Amino acid sequence: MSNSNTANLYIVSAPSGAGKTTLCRAVLDRLKCITYSVSYTTRKPRKGEHNGVDYNFITTKDFKKGIETGRWAEWAEVYGNYYGTSAEFLDNCLSSGNDILLDIDVQGAMQIIERYLDSITVFILPPSLDVLRSRLESRGADSKQSIVKRLAAAEKEMEKKDLYQHVIVNDNLSDAVSELIKIIEKYR
Ligand code: ADP
Ligand code: 5GP
């Protein structure tokens, strides 16, 4: 499917802890006319996360039912949990001319670019693996075991960065926010 002539679909991917949630929030605060696609997940909410805002938290049974009924525009198993994007939500946004921002993993991004051919893809890199580890640790949201899983996946995920049209290194946060805004505005 080609996107509508007026609405853009932006995909942001990064290894966990690189700062894409922080970056996306800052960009969404500054650019009011872009809609965030709230994903569905079977992961348990972290402290401070709200249902319907950060994620739609659902059961594994409901997630799997969604796979069977074609509810997801893309879905993937990431770090032991299921994550998916509502096809209905994306199609409604695009057909009413609203730009959308997706924060999804590499597997999901590859599915979206096949389905929405004009998608704009951005990969966020941490300055180094050491910085990535310390960001995961200082976030204080994941268990030691979960951090080990996320770091082990990070190197493999970063190898996929060349599949993306744009790459941003999230070193200084305000520089990275400006870069992402510049990319978004370039396509408008
Ligand atoms: P992700 O969504 O990619 O998993 P987060 O946005 O949760 O990552 O960021 C991980 C941690 O790193 C958070 O504690 C966040 O405050 C911090 N962080 C994000 N970007 C930067 C940055 N540019 N410099 C320093 N710390 C950052
Ligand atoms: P976290 O559990 O740290 O919020 O997210 C873990 C990973 O899942 C991140 O790489 C994030 O981008 C990815 N993710 C979040 N939502 C979705 C989604 O709807 N689909 C896919 N494929 N990945 C997602």
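Every value quoted in this text rests on a predicted model; they were computed, and no experiment measured them. The analysis underlying the following values was restricted to heavy atoms, covering all of them including side chains, and did not include hydrogens, waters or symmetry mates. In listed order, ligands and their atoms are each counted from 1.
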* Using a strict cut-off of 4.0 Å, indicate which atoms of ligand 2 neighbour a heavy atom of Gly108. => 22 (N)

* Could you state the interatomic distance from NZ (Lys65) to NZ (Lys61), rounded to the nearest 0.5 Å? -> 7.0 Å

* Structure fact -> for atom 15 (C) of ligand 1, nearest protein heavy atom and its distance come out as Thr22 OG1, 3.6 Å

* Contact partition for Arg46 relative to ligand 2, non-hydrogen atoms under 4.0 Å -> side chain

* Please determine if Tyr83 has a nitrogen or oxygen closer than 3.5 Å to a nitrogen or oxygen of ligand 2. => yes

* Top protein contact for atom 8 (O) of ligand 1, by heavy-atom distance -> Gly19 N, 3.2 Å

* Identify which one of Gln165, His166, Lys20, Met158 satisfies the side-chain contact (heavy atoms from CB on, under 4.5 Å) criterion when paired with Phe123. => Met158

* Could you tell me whether some N/O pair between Asp105 and ligand 2 is separated by less than 3.5 angstrom? => yes

* Asn172 N/O to ligand 1 N/O under 3.5 Å -> no

* Look at ligand 2 and say whether Glu157 reaches it with a heavy atom at a distance under 4.0 Å. => no

* Does any N or O atom in Tyr55 lie less than 3.5 angstrom from one in ligand 2, N or O only? -> yes

* Under 4.0 Å from a heavy atom of Thr85: give me the atoms of ligand 2 that qualify, with their elements. => 19 (O)

* To do: Heavy-atom contacts with Ser16 under 4.0 Å: which atoms of ligand 1 show up? List them by number with element.
  => 4 (O)

* In terms of atom number and element, which parts of ligand 2 are under 4.0 angstrom from non-hydrogen atoms of Val78? -> 7 (C), 8 (O)

* Close N or O approach (Asn170, ligand 1; < 3.5 Å) -> yes

* Is there a heavy atom of Val131 sitting under 4.0 angstrom from any atom of ligand 1? -> no

* To do: Using distance alone, decide if ligand 1 has a nitrogen or oxygen within less than 3.5 Å of any nitrogen or oxygen in Leu23.
  => no

* Asked: Based purely on interatomic distance, does Arg139 place a nitrogen or oxygen under 3.5 Å from a nitrogen or oxygen of ligand 1?
  -> yes

* Heavy-atom contacts with Ala76 under 4.0 Å: which atoms of ligand 2 show up? List them by number with element. => 22 (N)

* Asked: Any N or O of Ala14 that comes nearer than 3.5 Å to an N or O of ligand 1?
  -> no

* Say whether Ala18 and ligand 1 are in contact under the criterion: heavy-atom distance to a ligand atom below 4.0 Å. => yes

* When only distance counts, is Trp75 in polar contact with ligand 2, meaning an N/O pair under 3.5 Å? -> no

* To do: For atom 2 (O) of ligand 1, find the nearest protein heavy atom and state the residue, atom name and distance (0.1 Å precision).
  => Thr21 OG1, 2.4 Å

* **Nitrogen or oxygen atoms of Asp103 and ligand 2 under 3.5 Å apart** => yes

* Asked: Which heavy atom of the protein is the closest neighbour of atom 10 (C) of ligand 1, given with residue, atom name and distance?
  -> Gly17 O, 3.6 Å

* Structure fact -> Numbered in order shown, the ligand 2 atoms found under 4.0 Å of a heavy atom of Arg43 are 1 (P), 2 (O), 4 (O)

* **Min N/O separation Gly84 to ligand 2 under 3.5 Å** => yes

* Report yes or no: does Tyr40 have a heavy atom closer than 4.0 Å to ligand 2? => no

* Taking only heavy atoms of Ser39 into account, list the atoms of ligand 2 that are under 4.0 Å away from them. => 16 (N), 17 (C), 18 (C), 19 (O)

* Structure fact -> Nearest heavy atom to atom 25 (C) of ligand 1, choosing from Arg25, Arg135, Lys20, belongs to Arg135

* What are the atoms of ligand 2, with element, lying closer than 4.0 Å to any heavy atom of Tyr79? -> 6 (C), 7 (C)

* To do: Run the salt-bridge test on Arg188 and Asp99 with the 4.0 Å N-O cut-off and return the result as yes or no.
  => yes

* Asked: Counting heavy atoms only, which part of Gln107 comes closer than 4.0 Å to ligand 2: side chain, backbone, both or neither?
  -> neither

* Select one of side chain, backbone, both or neither to describe which atoms of Asp171 lie under 4.0 Å from any atom of ligand 1, heavy atoms only. => backbone

* To do: Give a yes or no on whether a salt bridge exists between Asp54 and Arg25, defined as a side-chain N under 4.0 angstrom from a carboxylate O.
  => yes

* Structure fact -> Test ring pair (Phe, Tyr, Trp, His ring centres under 6.0 Å), reference Trp72, set Tyr83, Tyr82, Tyr40, output is Tyr40

* Should Gln111 be listed as contacting ligand 2, given a heavy-atom distance under 4.0 Å as the test? -> no

